[in-house]
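Order of appearance sets the numbers: ligands from 1, and atoms from 1 within every ligand.
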Amino acid sequence: LYYNWSYVGPDGEEHWHKHYPFCGGIFQSPIDIHNDILQYDSTLLPIELVGYNLSLTEQFIISNNGHSLKMSLPPTMYISSLPFRYTAAQLHLHWGNRHHPEGSEHSVNGKRYAAELHIVHYNSDKYPDVATAMDKADGLAVLGILIELGSFHPSFENIFCQFANVRYKDQTIPVTGFNVRDLLPERLDEYYRYEGSLTTPPCYPSVLWTVFRNPVQLAHTQLVALETALYCTQENDPSPLEMTDNYRQPQEFDERRVRVSFR
Ligand code: SG5
Ligand code: ZN
């Protein structure tokens with residue numbers, strides 16, 4: 001079912017559409033969020049999160065799938081301020097490399113940030129699980145958190161301290177809970193909103209995107225750890241491939257508008 005894809009070479013993003021036609025289709029993400037396409041929308045309410053403070057006695061799985069680093073999230077965690085309940089499924093990251101540490105997917109007025117955190121949720125009012133929801137127009141809601149270079153962020157260490165255990169593709173490690181709210185910016189009322197897609201194959205146009213206006217900061221040491229710790233390949237692979245630059249280029253956005261919750 002899942003044909004090989006990558007961010008470079010003969011399986012790179014310009015070839016995705018051959019095996020995954022939606023990648024050449026409509027409503028694609030990410031985009032450059034620039035001033036000319038913004039439209040203030042007074043109906044955009046502050047994002048409200050429930051259950052983001054994960055239990056210290058429960059275990060969650062961090063895994064490397066060869067494209068990113070993911071942490072599974074429990075169904076007790078959801079967004080309550082959208083027209084449907086969107087229940088959390090997983091979080092993952094996109095980043096650049098040590099020499100070009102600009103690896104966010106969304107950019108703002110042409111400026112790419114260092115990295116980007118995605119918290120993927122599915123419409124649990126209408127669909128039983130994320131796999132069923134992921135190709136439905138109202139199936140997914142992803143929160144995008146831009147990451148810039150700055151001061152040390154202790155909460156990200158809950159994930160980053162596991163790098164050594166998931167260096168290679170298909171490795172997994174259980175971790176105990178922490179407060180995922182702490183990975184988000186302080187202000188949850190200022191954000192960009194548009195209808196888009198998964199940023200990786202199969203690129204389904206099923207995502208209600210929320211990208212927060214304010215970035216969070218990681219220290220240089222934390223960014224370098226993210227950029228150098230992981231591999232796209234399995235442990236015994238004779239030609240190891242570093243997991244870097246796992247972001248897609250901005251997609252065309254003619255006719256579409258990004259709604260903004262702030263003036
Ligand atoms: C990453 O981005 C995720 C995908 C995610 C896509 O490739 O990969 C990881 O987190 C590494 C394990 O997540 C999975 O494959 C887990 C099932 O795809 C989905 O979330 C499908 C529902 C695309 O997500 S994104 O548009 O937010 N970037
Ligand atoms: Zn993503």
Check: Do the ring centers of His106 and Tyr194 come within less than 6.0 Å of each other?
Finding: yes
Check: Hey, which atoms in ligand 1 end up nearer than 4.0 Å to a heavy atom of Ser68?
Finding: 9 (C), 11 (C)
Next item on the list: Give a yes or no on whether the ring-centroid distance for Tyr3 and Trp16 is below 6.0 angstrom.
Entry: no
Next item on the list: Say whether, by atom type as modelled, one donor and one acceptor occur between the side chain of Asn97 and the main chain of Glu227 under 3.5 angstrom.
Entry: no
Item checked: Any donor-acceptor pair under 3.5 Å from Ser29 side chain to Ser197 backbone -> yes
Next item on the list: For atom 28 (N) of ligand 1, find the nearest protein heavy atom and state the residue, atom name and distance (0.1 Å precision).
Entry: Thr199 OG1, 2.7 Å
Check: Is it true that a side-chain atom of Gln222 and a backbone atom of His153 form a donor plus acceptor pair closer than 3.5 Å?
Finding: yes
Margin query: Could you identify the N, O or S atom of His94 positioned closest to the Zn ion (ligand 2)?
Written below: NE2
Notebook entry, point to check: With a 4.0 Å cut-off on heavy atoms, is Glu105 touching ligand 1?
Noted result: yes
Next item on the list: Compare every heavy atom of Glu105 with every heavy atom of Arg112, then report the nearest pair and how far apart it is.
Entry: NH1-O, 4.0 Å
Next item on the list: Tell me, yes or no, whether the heavy-atom count around Phe212 atom CZ, taken from other residues, nucleotides or ligands under 6.0 Å, exceeds 12.
Entry: yes
Next item on the list: Can you pull out the closest protein heavy atom to atom 21 (C) of ligand 1? Residue, atom name and distance to 0.1 Å, please.
Entry: Met134 CE, 3.7 Å
Next item on the list: Just need the protein heavy atom nearest to atom 6 (C) of ligand 1, so name the residue and atom and give the distance.
Entry: Thr200 OG1, 3.2 Å
Notebook entry, point to check: Can you find an N or O of His94 that's nearer than 3.5 Å to an N or O of ligand 1?
Noted result: yes
Note to self: For atom 22 (C) of ligand 1, what is the closest protein heavy atom, and at what distance to 0.1 Å?
What the structure shows: Val130 CG2, 3.8 Å
Checklist line | Ring geometry between Tyr204 and Phe22 (parallel below 30°, tilted from 30 to 60°, perpendicular above 60°) | finding: perpendicular
Check: So which heavy atom in the protein is nearest atom 5 (C) of ligand 1, and how far is it from that ligand atom?
Finding: Gln90 NE2, 3.7 Å
Item checked: Proximity of Tyr78 and Tyr122 rings by center, below 6.0 Å -> no
Margin query: Quick check: His118 and ligand 1, any N/O pair under 3.5 Å apart?
Written below: yes
Next item on the list: Quick one: report the N, O or S atom of His118 that is nearest to the Zn ion (ligand 2).
Entry: ND1
Next item on the list: If the plane angle is over 60° it's perpendicular, under 30° parallel, otherwise tilted; pick one for Tyr231 and Tyr168.
Entry: parallel
Note to self: I'd like to check whether His92 has a polar contact with ligand 1, where a contact means an N/O of the residue lying under 3.5 Å from an N/O of the ligand.
What the structure shows: yes
Next item on the list: Please write down residue, atom name and distance for the protein heavy atom closest to atom 17 (C) of ligand 1.
Entry: Lys70 NZ, 4.0 Å
Item checked: atom 15 (O) of ligand 1 - nearest protein heavy atom and its distance -> Asn65 ND2, 3.9 Å
Notebook entry, point to check: What part of Val120 sits under 4.0 Å from ligand 1 if we count only heavy atoms: the side chain, the backbone, both or neither?
Noted result: side chain
